[in-house]
Amino acid sequence: MNDVYEPAEIESRWYSRWEAAGVFRPEYRPDGDPFCVVIPPPNVTGSLHMGHALNHAIHDVIARRRRMQGWSVLWLPGSDHAGIATQNVVEKSLAEKGLNRFDLGREAFIDQVWEWKDVYGWRITQQIRRMGNSCDWTRERFTLDEGLSRAVVEVFVRLYADGLIYRGERIINWCPRCETALAEIEVEYRDTGGELVQILYPFTDGGGGMTVTTTRAETMLGDTGVAVHPGDSRYREMVGRTIRLPLMGRSIPVVADPGVDPEFGTGAVKVTPAHDPLDFEISERQSLEKLLVLDDKGVVTRAGGPFSGMDRFEAREAVIDALDKEGLLVGREPYRHSVGLCYRCETVVEPLLSTQWFVRVDELARPAIGAVREGDNRFIPAHWEKSYFHWMENLRDWCISRQIWWGHRIPAWYCSSDHVTVARTAPEACGTCGAGELRQDPDVLDTWFSSALWPFSTLGWPDETEDLARFYPNDVLITGFDIIYFWVARMLKMGLRFLEDVPFKETVIHGLVRDSAGHKMSKSLGNTIDPLEVADRYGADPLRLALIQAANPGQDVPLDMEWVEGTRRFGNKLWNAVRYTLRHVPGGSVPSHGGYPAHPGPVDRWVLAGLGEMADRFDRFCDEYRFSDAYGLLYNFAWAEVFDWYLEMSKTALVGPEEAETTRQTLGVVVRDLLKFFHPAIPFLTEELWSHLVGDGLLAGSDWPEVPVYDPAPEMEDLKALVSGVRQFRAAQGLSHRRTLPLGVTGGPPRWVAKMVEEMVGVEISALTEAPGDGHIHLPTGRWEGYLPVRGLVDLEAERQRLDRSIARLETQVSRSSQKLSNRNFTERAPAAVVEKEREKLAEASGRLSSLRSRREAL
RNA sequence: GGGCCCUUAGCUCAGAGGGAGAGCGCUUCCUUGACACGGAAGAGGUCAGUGGUUCAAUUCCACUAGGGCCCA
């Protein structure tokens, strides 16, 4: 073995072997209980970022551990066609050649997108492999593949038949750049600087007018009324009068409607029914005309009179100027307000009236709320349930049609009379009038419509496949909080509707990867880190461990290259611990499972007991998805206990013949079990080390450790204290460790203890029957007390300082304890055990204190 | 405006009603046969503030200040 750990070399070696051995397929353990998790499908033309690396690392830790625990594990991979996002990417590349999608036509354009999909989709799967993720690639799916498309059509047809999908004219959010409708949730609101303008709307009969307020002046072109609150006394006489709409000259009525907020602006609002949801509602109640004044590109329509043909923002200025010229501009002031942006391209979204397809969500949401309330699905951390409920109880219908080409075509056909026929396959004739010559709806479905079916469509639904029976519901879903509403909520709705069970029993929410200063990683901040670059530079394993060590549920994960270097150094440490082990334990001689010593010596018993205790806690943490805590614990145990203490002590034990054999055995199984526990987080390195140490089969396919219970040898803590005592003394005195010190020890330490201490800290021990007189430094350590002769060794001043520090520490401890114990409220009201413990503490501390004081005097 | 979360060592974060912890960073010493990508020793905290509950609060409760996120 190389004497340093080189991640790149190791990491190229194992993935294909795992795949070839079929370890990642559930069939690898056909008799195990099924365990299933589906990947949140990445966008097919995107590239993997650190958020994916984190999400996948968590998946992999879960999947690999469950697999080793004997479950029949399916981690199902795949990708999402990501309608608008993908179409945008491909359109952008066309634009570079001076083309747009209409130049190509629908068919050719879609062919083009498929070509992209093949290139980038392949790249993503390669990246997921590079990071070591144990997906079952034989079951890889894509949201637009044949089977999933069938599931989409099936769901659409059934929901339509049940009246839960309908087509209607509503105010929707329109992106003038993507030229498509968006769902409410796809609009991101951002505070933006704008202008609040006040316009005077004169009455048709002369005699004054009313002042209205708006941030979107151009929409006045489409005004068909002015509204006030019915209870607003200021305007009571004006209701029923008529306004002459400035610039357009139309007569529009003043109406009273309870939807108006009398506190906002002047209390009188212009009503633009075709471009504002609230105004739309008012117009429905008041029977006002709905006039579209902006087209699909955000350009003023012919209905906008003199302003037609202008872009909406250009028109805004032009309208304000024109009003000013006519003396109707009452005021304009800077105004910050929240503006809706397209979540795909950040273009300002335009609310406008349009005929679209919608999902009626109330009936779907009810069981999805119930399932979480009943605990059939559990959010981890639980507080996300509150947000989930709040969200689900305030849903508006979901606009699912998109005016793009890349996606699942809506399975609806129209005859020449515009009757709608919804069907699984193209119908011969109109379901209403029997006419032939039907044309299919040109629109496609929201990407999230197919994502909502992912937990069961990927398993073969609507067919009743074996996988579906075995792996639905999935066991757990792991995702970031940013897509709880986009994705998790909708999967719960659809799963409950079509499979009558939750799609997954637990929803684990992880945080965002941030930089070391706590900033969100974003392209605009320029602080993104490419996981593949990190993997090439430091290794995939070190990156994974750095992520996992910070990945507790719900918590953001700060990442810095320094920390990845830290985990790489840990890898080197582990590497060398195995090299050390292999000096004493022949390669291939460690059994792949079990093999714990039956009668270990005290040091071996101590490390085995520690291993067992660590394993229990580790497993508990993992079961609660607290991987940061689990791997923090393991990391610390491995380094601080095993490497720093046990390996050092084994060096002594392995020399003596009588204990060498159990120590060899213990060393082998302890290090082997560390490899097993670490494997889910750092699969490549541990697999490589396993091949040297165990060499029997693959670690990835091995069994999870079951550490027997051992009693820890009680002497160990005192032994460690004695060793530390000597080390502290040496450090304080600046004594070279080469110089062997004579150490007197009372209490009759067993020979193995004496030998261990001698080897570890370079002393020569002589047994003392009682404490020696003056002229010695005392190392108080419990059952054995150490005494070092002062003469010739000691800088007395340094030793006095050391003692003074210890004395001061003990003094505060003693005074605090005795104060507590002299308080009758404490002794009478606190539990007896607590009081007793306090008494013991006091006794022990004052004993040590007086001993230290006398030593101090003696100096 | 409504809701959720956070504030503990220089940094990133654990923690628990009764003795303040880890990793990194920092200081000093050490190339001893696994590892200098290492070892040993050490410095560093009024646990955001105020009030309350309690024999006991950093931990529970209320309020205040500061920060973050979601929804409208």
Side-chain angles (χ1 to χ4, degrees), chain A residues 1 3-7 184-185 188-189 338 381 383-391 393-394 481-482 484-485 511-512 514-520 538 542 546 549-550 552 554-560 562-584 621 626 628-629 631-633 635-636 639-640 643-644 647-648 650-651 667 671 723-738 759-762 802 805 809 812-813 816-817 819-821 823-831 833-835 837-838 840-842 844-845:
Chain A
M1 279 172 77
D3 60 2
V4 284
Y5 161 49
E6 275 166 18
E184 304 279 347
I185 195 178
E188 285 176 1
Y189 291 89
S338 172
H383 70 80
W384 281 107
E385 290 175 5
K386 289 181 198 165
S387 308
Y388 171 81
F389 291 137
H390 184 257
W391 171 260
E393 282 155 6
N394 294 287
F481 56 80
D482 49 333
I484 291 178
Y485 307 138
L512 251 44
R514 296 177 176 273
D515 69 14
S516 56
H519 299 121
K520 186 173 167 174
Y538 299 96
Q549 283 216 38
N552 267 353
Q555 264 159 3
D556 285 344
V557 175
L559 185 71
D560 191 281
E562 264 184 41
W563 306 338
V564 180
E565 279 188 64
T567 49
R568 192 175 54 89
R569 279 198 295 272
F570 172 79
N572 189 59
K573 187 76 180 172
L574 185 61
W575 178 268
N576 277 289
V578 171
R579 284 211 311 143
Y580 167 78
T581 304
L582 284 168
R583 293 180 150 228
H584 302 285
F621 280 140
R626 294 170 57 174
S628 170
D629 293 332
Y631 277 91
L633 173 75
Y635 181 98
N636 215 50
W639 203 317
F643 301 156
D644 285 348
L647 256 50
E648 291 310 313
S650 76
K651 288 174 184 173
L667 181 62
V671 172
V723 168
S724 295
V726 176
R727 283 172 175 169
Q728 278 163 25
F729 174 79
R730 262 191 214 280
Q733 294 295 337
L735 293 174
S736 159
H737 72 277
R738 285 180 176 284
E759 298 269 336
M760 289 182 78
V761 287
R802 185 181 76 90
R805 271 202 305 276
R809 219 173 288 144
T812 57
Q813 210 174 318
R816 200 172 20 183
S817 266
Q819 213 165 29
K820 223 171 178 181
L821 284 163
N823 179 356
R824 289 189 54 185
N825 276 330
F826 173 69
T827 50
E828 282 166 20
R829 303 175 87 153
V834 172
V835 177
K837 205 173 148 197
E838 198 63 40
E840 282 169 20
K841 248 164 59 183
L842 178 60
E844 201 239 320

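A note on names: the letters A, B, ... follow the listed sequences, proteins ahead of strands, and every chain is numbered from 1. What you see below is based on every heavy atom in this structure, not just the backbone, and it leaves out hydrogens, waters and symmetry mates.
- B/C37 and B/G18 are spaced 43 Å apart, taking the C1' atom of each and rounding to whole Å.
- The number of heavy atoms from other shown groups lying within 6.0 Å of CD (A/Q819) does not exceed 12.
- Salt bridge A/E838/A/K841: present, at least one basic N to carboxylate O contact under 4.0 Å.
- If you take atom C1' in B/C63 and the same atom in B/U7, they sit 16 Å apart, rounded to whole Å.
- Rounded to whole Å, the separation between the C1' atoms of B/G23 and B/A65 comes to 30 Å.
- Using atom P as the reference point in both B/C70 and B/C11, the two lie 25 Å apart (nearest Å).
- Interface remark: the A/E648 side chain does form a donor-acceptor pair with the B/A34 base, using a distance-only criterion of under 3.5 Å.
- B/C4 atom P lies 6 Å from atom NZ of A/K386, rounded to whole Å.
- Comparing B/G3 with B/U64, their P atoms are spaced 13 Å from each other, to the whole Å.
- When the C1' atom is used for both B/G19 and B/G51, the distance is 27 Å, rounded to whole Å.
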Where does RNA chain B pair, written as one dot-bracket string 5' to 3', with Watson-Crick or G-U pairs under 3.5 Å, ( ) inside the strand, [ ] for crossing pairs and | for another strand? ((((((((.[[[[.)..(..]]]].(((((.......))))).....[[[[[..)....]]]]]))))))).
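- At B/G42, one or more side-chain N or O atoms of A/Q728 fall inside 4.0 Å of OP1 or OP2 (strictly under the cut-off).
- Between the side chain of A/K573 and the base of B/C35, a donor-acceptor pair under 3.5 Å is found.
- Summarising the geometry, atom CG belonging to A/N636 is positioned 9.5 Å from atom CG belonging to A/D644; distances are rounded to the nearest 0.5 Å.
- When the side-chain nitrogen and oxygen atoms of A/R569 are compared with OP1 and OP2 of B/G38, one or more of them lie within a distance under 4.0 Å.
- Ring-plane geometry between A/W384 and A/F481 is classed as parallel, the angle between the planes falling under 30 degrees on a 0 to 90 degree scale with a further cut at 60.
- Not one side-chain nitrogen or oxygen of A/R727 sits closer than 4.0 Å to the OP1 or OP2 atom of B/U28.
- Proximity of A/W639 to the phosphate of B/C24: no side-chain N or O atom is located under 4.0 Å from OP1 or OP2.
- The interatomic distance linking A/K820 (NZ) with B/C55 (C1') rounds to 10 Å, in whole Å.
- Phosphate proximity of B/G19 to A/K841: present, with a side-chain N or O under 4.0 Å from OP1 or OP2.
- For A/K651, a side-chain nitrogen or oxygen approaches OP1 or OP2 of B/A34 to under 4.0 Å.
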